[in-house]
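Reviewing the structure listed below.
Atoms within a ligand are numbered from 1 in the order they appear, just like the ligands themselves.
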Amino acid sequence: MSSPVWLPEIVYVSESAREDSMTSRVLTRLPEVDVRYIPDGSDPLAEKTAGTDFSRDSERFSAGKRRLMLTRYQGSWMRACPGTSQHVCCNLWTINPGEGCPFDCSYCYLQSYLLRNPTLKLYVNTADMMNEVEQRISSDRSRLFRITTGEVVDSLVWDNLTDSSYDLVPFFARQDNAILELKTKSNHIDNLLRLKNEHRGHTVISWSVNAESICRTDEVHTASLDERIEAASQVVEAGYRVGFHFDPVVHFPGWEDEYSASVRKIFDRIAVGNVAWVSVASLRYAPQMQEIMRERFPHSDLPYGEQFLAKDNKLRYIQPLRFKVIDFVWKQLKSVSPAMPVYMCMESPAAWRNIAGGPPVAGSELQEVFSRAGRLPVIGQDSI
Ligand code: SF4
C-alpha cells in the first residue's frame with residue numbers, strides 16, 4: 001500500500017496543454033483542487049498570495065512546491081547527465097517528464113538549480129519524449145543507454161496521478177540497448193507491480209537511501225526507510241532489479257552505526273543478485289544554497305560544519321573526511337558481498353584511487369554502469 005500521494009493546492013494548466021489526455025487524467029484524479037487555466041509562458045506566481053513574500057528566494061521556492069503546472073515541453077528531452085566538473089562520470093542519460101519535486105529534502109540541489117522556478121511542472125506531451133529517445137538509441141545500437149527520469153523530479157512521486165510507468169516500462173522493454181532507471185524516495189509501486197510481466201528486465205527501480213535519522217529529519221514527505229525497503233522487496237518479487245543510492249552520506253554523531261544499520265536492513269531483505277547498482281556520494285551543494293537551507297530547514301545540521309569549496313564549485317567535506325565517510329559505506333556494502341556493484345557518484349579520480357584502488361574497469365561488476373560502447377551486458381529476465 002503506497003503512502004498517500006502528495007496533492008498540490010493549485011494546478012495551473014497552460015493553454016496549449018488543455019486538450020491533452022494526460023491533462024484530463026491528472027485533473028480527474030484531483031477533483032478537489034483549484035484549477036486555473038493560464039496563457040503559455042506566463043508566471044503563475046505573478047499573482048501574489050497574502051502573507052508570502054515572493055522577493056525572498058526561500059519563500060518563493062517553498063510556494064512553488066505547493067503549485068503544479070501542466071504544460072507542454074518544446075525543447076530537447078534526452079541529455080547526458082551533466083555530472084560535475086573534474087569528477088568521474090557514470091554515463092547516465094536523463095529525460096525529464098517534469099521539473100521540480102513535491103518532496104522536500106534539505107540538501108536537494110533543486111533549491112539552487114530551479115530556484116527561480118515558479119511551480120512544479122509536469123509535461124503532458126511525453127509521447128514526444130519517447131519518440132526522441134527511440135530515435136537516439138536506435139542511431140547507436142552498439143551502445144547501452146542507461147536513462148533515468150529522476151534528475152529533476154522523483155521518478156515515481158507522480159505516478160499515481162499520471163500512470164506514466166504504463167507508457168515508460170513497456171516502451172523500454174522493447175528497446176534492446178536501453179535500461180530505464182526510475183529513481184525514487186517514494187513507495188508508489190502499484191503500477192510497477194501490475195507491469196510485472198511486461199518489463200523484460202529493462203527497468204531498474206532505485207531508491208535513494210540514507211541513515212534512518214537523515215531520512216526522518218532531512219527528507220520531508222518521503223517514504224520512511226522501512227517503506228522504501230519494503231517497496232524494493234516487492235518489486236524484486238515482481239522480477240525487477242533494484243538499485244540503491246547512498247546519497248548524500250552525511251557526517252554526524254553516530255553516523256557509522258546508522259549507516260551500517262541501513263546497509264544491514266536493506267540487504268537482509270534484498271539479495272545481491274537482484275541489485276543492478278549501488279552508488280555512494282558524500283554531501284555536496286552549491287554555496288548559494290547554504291542560506292536557503294538554513295532558512296527552509298532551521299532544524300537541519302547539514303548546512304553547518306567544516307565544508308570547503310571543491311574544484312567543481314560545490315561545498316564538500318574536507319577531502320580526508322569525505323574519503324572517510326565514502327570508504328566506510330563502500331566497505332560496509334562490499335562486506336555484504338564483494339560482487340556488490342558499487343560506484344561513486346560525482347567523485348574525483350583521487351577518490352576512486354583511494355577507496356576503490358582505481359577507476360572502474362571493463363569486465364568488472366561495474367561494466368553495465370560505465371559501459372559506453374562495445375559488447376553490451378546481457379539484460380533481461382534470464383540474467384536476474
Ligand atoms: S526526492 Fe530528490 S528531487 Fe525530490 S526533493 Fe528530495 S532530493 Fe530533491
request  = May I ask you to determine how many protein N/O/S atoms are under 2.8 Å from atom 6 (Fe) of ligand 1?
outcome  = 1

key: Partner residues of Asp247 under the salt bridge (charged side-chain N to carboxylate O under 4.0 Å, His left out) criterion, sequence neighbours left out   = Arg284

request  = Please list, chain by chain and in numerical order, all residues satisfying salt bridge (charged side-chain N to carboxylate O under 4.0 Å, His left out) with Glu291, sequence neighbours excluded.
outcome  = none

key: Non-neighbouring partners of Asp218 that pass side-chain hydrogen bond (donor to acceptor under 3.5 Å, both in side chains), sequence neighbours left out   = Ser106, Ser300

task = Please check if the distance between the ring centroids of Trp277 and Phe244 is under 6.0 Å.
result = no

ask   = Less than 4.0 Å between a side-chain N and a carboxylate O, is that true for Asp20 and Arg25?
value = no

query = Does Arg136 make a cation-pi contact with Phe145 (under 6.0 Å, within 45 degrees of the axis)?
reply = no

